[in-house]
Amino acid sequence: MIQFFRGAVSCVFLLLFCFVSPLHLVAAEGQEYIAIRKEGSGNIALVLDKLDAKGRKETNFAQSLDVTMRDGLDFTRLFSLISPPLNVKDNSDRKNIVINFPALTSVGAEVYAGGVVTMKSDMIILDMKVYEAAGSKLLMNKTYSGTEADLRSIGHAFCADIVQLLTGKRSVFGSRIVFVSNKTGFKEIYECEFDGYGVKPLTNSRSICMNPALSPDGKHLAYIDFISGRPTLYIRSLTGGRIAAVGKSAVSIDPGWRNNNEVAATLSFDGNQEIYLVNTDGTLSRRVTNSKSIDISPTFSPDGSKMAFVSSRNGLPQLFIQDLASGQVKRLTFSGRYNTQPSWSPVGDKIVYTTWEKGGEINIFTINADGSGLMQLTQKSGENKSPSWSPDGEMIVFTSNCQGKEKLYVMSSKGGNERLLLQVDGEQTQPSWSLFR
Amino acid sequence: MNAMKPLLRSLFIPTMLFLGACGCCEKVVAPPPAAPPPPPAPVIVLPGLGDVFYDFDRSELREEAVVQLKTNANWMAANAARNVIIEGHCDERGTSEYNLALGQRRANSARDYVINLGVDAARLKTVSYGEEKPFVLGHTEEAWAQNRRAHFVAE
């Protein structure tokens, strides 16, 4: 009886939904979807259709979401966004929208995404459907909702889902970038979203702040501040506001997170510059390096078992890799006289770093952790510094003075597709991309 | 006519010498000038603290740096109440994290040398500014050489 009742209720709801829902997308035909794409087979040809909405408010939100989603998908450089053909939708029966799949394939679209914006009290509801153009198969049907303040995250949640659906990988949506800017006349730390949106200051020390790095879970920020008169490592809890100062009696340099609980940095309280692991409360965990030379800029393999770093133990600075369990150290770089600023890819075995070339240029390279596969990513564009990977390993944020002042740029992890990340006053340096998103 | 030349020469040279000697005598016998202003009160000026400079990517002391550090150690001996901060600086080239490390090694090399000369280590502090506070703005070797320094600041 209860079972029957439930069934009846859901039937009624379904019927109601069909009548109440203003316009909803229906695939004209259904076929098997083949989502297998070859690695490097080029961009996905996507028609992101204008969102449907009734009412003034709904239409405004739909337009805003259109822009967010288009810019978001464009940022990934995974898609060729094709304008929808004029006859892409047929709603002549005034109830259902019928998608004209032949028209989509004729303009070369592989995938079609469209949706409807409605409102329920103050909540904005976005219903999105994604179809394969050639087979007209429904690939995804998902509802997103939130308040007006959540518009960007609603749009980016859809972007994240469609990237995951079509590539099998999580993209950059929701991630943040911390960096240094001197726009107030002092070097302070700021953060922004992955696409440069929403720049916010994180420090106001009116001193010199350097080398910000977010813990993998985003709960802590490690950075160097000269406010005490010396470059000192600070670990700030971004949830509780607690700040731990480390190594106040000497110089601290360039922190890098090993996991959520341990950050490594160069400390010199015992007279020599060595890399130590430090807990988030500022207490020392253990010493990692032991050499009389400069050892700086620790960066860890995704599993935390290996550390790449810069050392001058052979003369000019070169990259080395240390196995944390055995303590064994191997030199990584042999080409380039001055190699610094390593950053280990969060998704694999590649390390990105910079080489100061004889002509004065500084260029960005990647190399495999075993020393193979050296690749140059920038050239003939001045000084390119401080590379940091996106959490999906597909992009690199870095500083370049290619147009005079130092500004933040983003490029593909294989080089190319370079673009300015943000347009703010002063010089921006030392970007670090979060692992969380 | 030819016979006259040696005669003239023999007369000319002694004459000139005589005149010259008279000139010297004139100066000696000249009346003394107006009384000079009273000399300033005597002050013993010790050479002050000075900066030392380094080669590219080096923190080893050059010869003239050693001379300057001896002067600095003497100043500290004469000014026993003053403590000193030694700041390590680098030129703008290269990368900032490495320069922060290099600046510290420069400050340390200068500190270690004056400690060896007998200065109490407790009177010395070191800090590195790396490439953050250049003394000379400019992108020439001249500017860079000025910026690769250990800067002595008396507290």
Side-chain angles (χ1 to χ4, degrees), chain A residues 180 182 186-187 207-211 224 226 228-232 249-256 265-268 271-275 292-298 309-312 315-318 337-342 353-356 360 362 383-387 399 401 406 429-430, chain B residues 54-60 83-116 121-135 137-141 143-144 148 150-155:
Chain A
V180 173
N182 67 357
F186 297 96
K187 285 191 172 179
S207 174
I208 303 168
C209 291
M210 293 173 74
N211 298 110
I224 303 297
F226 279 69
S228 70
R230 280 207 180 87
T232 302
S249 61
V251 167
S252 314
I253 306 167
D254 200 9
T266 300
L267 307 174
S268 56
N272 205 7
Q273 296 162 332
E274 302 291 359
I275 295 172
K292 289 195 166 163
S293 55
I294 292 172
D295 292 317
I296 54 162
S297 302
F309 64 106
V310 173
S311 180
S312 64
L316 280 163
Q318 293 292 340
R337 59 180 188 134
Y338 185 111
N339 297 317
T340 59
Q341 303 187 319
Y353 66 96
T354 61
T355 298
W356 179 19
I362 295 177
E383 293 185 349
N384 302 282
K385 297 194 238 184
S386 305
T399 300
N401 68 354
E406 286 195 293
T429 52
Q430 299 181 334
Chain B
Y54 295 84
D55 289 335
F56 165 73
D57 193 50
R58 311 306 298 190
S59 54
E60 291 86 354
N83 291 341
V84 164
I85 299 172
I86 307 174
E87 301 176 354
H89 295 269
C90 300
D91 67 40
E92 59 174 352
R93 297 173 301 161
T95 47
S96 62
E97 303 82 9
Y98 186 78
N99 280 336
L100 198 54
L102 182 61
Q104 191 191 4
R105 292 172 81 81
R106 287 179 178 160
N108 287 353
S109 77
R111 181 201 58 191
D112 292 350
Y113 195 84
V114 292
I115 288 173
N116 273 339
R123 295 174 58 202
L124 295 163
K125 274 193 230 166
T126 58
V127 62
S128 174
Y129 283 102
E131 62 180 69
E132 302 299 322
K133 286 190 168 183
F135 288 75
L137 295 173
H139 315 294
T140 59
E141 176 49 40
W144 296 329
R148 296 190 295 262
H151 178 49
F152 281 68
V153 185
E155 279 190 306

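In what follows, chains carry the letters A, B, and so on, assigned in the order in which the sequence lines appear, proteins first and then strands, with residues in each chain numbered from 1.
For B:Glu141 and B:Arg148, the salt-bridge test passes: some basic side-chain N is under 4.0 Å from an acidic carboxylate O. The pair B:Glu132-A:Lys187 counts as a salt bridge, with a side-chain nitrogen and a carboxylate oxygen less than 4.0 angstrom apart.
When each of B:Thr126, B:Val127, B:Thr95 is scored by its heavy-atom pairs under 4.5 Å with chain A, the top score falls to B:Thr95. Interface remark: of the candidates A:Ile208, A:Val310, A:Asp254, A:Ile294, A:Ile294 forms the most heavy-atom pairs closer than 4.5 Å to chain B. Options B:Leu102, B:Leu100, B:Asn108 differ in how many heavy-atom pairs under 4.5 Å they form with chain A, and the most are formed by B:Leu100. Contact count versus chain B (heavy atoms, under 4.5 Å) is highest, among A:Thr266, A:Thr354, A:Ile362, A:Leu316, for A:Leu316.
Side-chain rings of B:His151 and B:Phe135 approach one another, their centers coming within less than 6.0 Å.
By the salt bridge (charged side-chain N to carboxylate O under 4.0 Å, His left out) test, A:Glu274 pairs with no residue at all, sequence neighbours left out. In this structure B:Arg106 satisfies the salt bridge (charged side-chain N to carboxylate O under 4.0 Å, His left out) test with no other residue, sequence neighbours excluded.
Within the 4.5 angstrom heavy-atom criterion, no atom of A:Glu383 approaches chain B. A:Asp295 does not touch chain B: none of its heavy atoms, backbone or side chain, sits under 4.5 Å away.
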